[in-house]
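Values below: all heavy atoms of this structure, side chains included; hydrogens, waters and symmetry mates excluded.
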Amino acid sequence: MSGRVEIEYCTQCRWLPRAAWLAQELLTTFEAELSELALKPGKGGVFVVRVDDEVVWDRKEQGFPEPTAVKQAVRDRVAPGRSLGHSDKPAS
């Protein structure tokens with residue numbers, strides 16, 4: 001089973017609470033699909049979400065993520081085709 005998620009967050013910016021909250025959201029949504037979720041301390045304003053070492057969200061390029069956007073990006077890698085219910089938006 002793959003499905004390892006890593007959230008790298010900036011300790012200088014005090015973004016641990018944001019990273020931990022996002023981790024909780026992902027673990028709740030994908031409890032059967034994720035094998036691991038890691039919080040990785042970083043520096044320099046980093047806030048990056050990776051699935052199996054692939055960057056799916058980078059704050060420097062995309063801004064801070066809404067949980068729904070990250071859930072969709074993670075879902076597309078660990079459970080393609082799965083509905084996220086009311087959080088899902090139709091593919092464009």
Side-chain angles (χ1 to χ4, degrees):
M1 176 182 183
S2 68
R4 179 186 190 277
V5 172
E6 176 183 281
I7 301 172
E8 185 176 4
Y9 64 95
C10 179
T11 57
Q12 298 165 310
C13 303
R14 305 253 184 252
W15 287 340
L16 173 59
R18 185 185 296 255
W21 176 74
L22 184 57
Q24 178 181 317
E25 288 287 312
L26 293 173
L27 286 169
T28 301
T29 302
F30 300 106
E31 60 188 14
E33 291 86 0
L34 298 183
S35 60
E36 179 180 2
L37 194 144
L39 295 176
K40 180 179 178 181
K43 296 190 183 307
V46 68
F47 197 92
V48 175
V49 180
R50 295 178 184 88
V51 177
D52 297 327
D53 296 322
E54 176 189 353
V55 173
V56 298
W57 198 277
D58 187 337
R59 183 200 66 83
K60 289 183 178 179
E61 294 177 10
Q62 299 159 283
F64 271 114
E66 290 295 322
T68 300
V70 175
K71 286 180 185 181
Q72 290 169 347
V74 169
R75 182 267 322 270
D76 291 347
R77 275 120 189 124
V78 302
R82 176 178 161 195
S83 171
L84 293 175
H86 70 277
S87 297
D88 231 344
K89 64 180 180 189
S92 38

Of the non-hydrogen atoms in V56 and A73, which two are nearest, and what is the gap between them? CB-CB, 3.9 Å
Interatomic distance, OG1@T28 vs NZ@K71, rounded to 0.5 Å, equals 7.5 Å
So V46 and R59, do their side chains get closer than 4.5 Å, heavy atoms only? no
Minimal heavy-atom distance between A69 and W57, with the atoms involved, is CB-CZ3, 3.6 Å
With heavy-atom distances below 4.5 Å as the criterion, would you say the side chains of E8 and V55 are in contact? no
Quick one: closest heavy-atom pair of W15 and G45, and the distance? CZ3-O, 3.2 Å
Could you grab the distance from atom NZ of K43 to atom CD of Q12, nearest 0.5 Å is fine? 5.0 Å
As an exercise, state the distance from CG of L22 to CD of E66, rounded to the nearest 0.5 Å. 10.5 Å
Exactly one of V51, V78, V70 should register a side chain to side chain contact (heavy atoms under 4.5 Å, CB included) with L26. Which one does? V70
Trace of the side-chain contact (heavy atoms from CB on, under 4.5 Å) decision for R75 with L84: CA-CA 8 Å; R75 182 267 322 270; L84 293 175; 3.7 Å; yes
Please report the interatomic distance CD(E25) to OG1(T68), rounded to the nearest 0.5 Å. 8.5 Å
Has the side chain of Q62 got a donor or acceptor atom that lies under 3.5 Å from a matching backbone atom of D58? yes
Going hydrophobic residue to hydrophobic residue with side-chain gaps under 4.5 angstrom, can you get from I7 over to V48? no
Mind checking the CG-CD spacing from L27 to E33? Nearest 0.5 Å is all I need. 11.5 Å
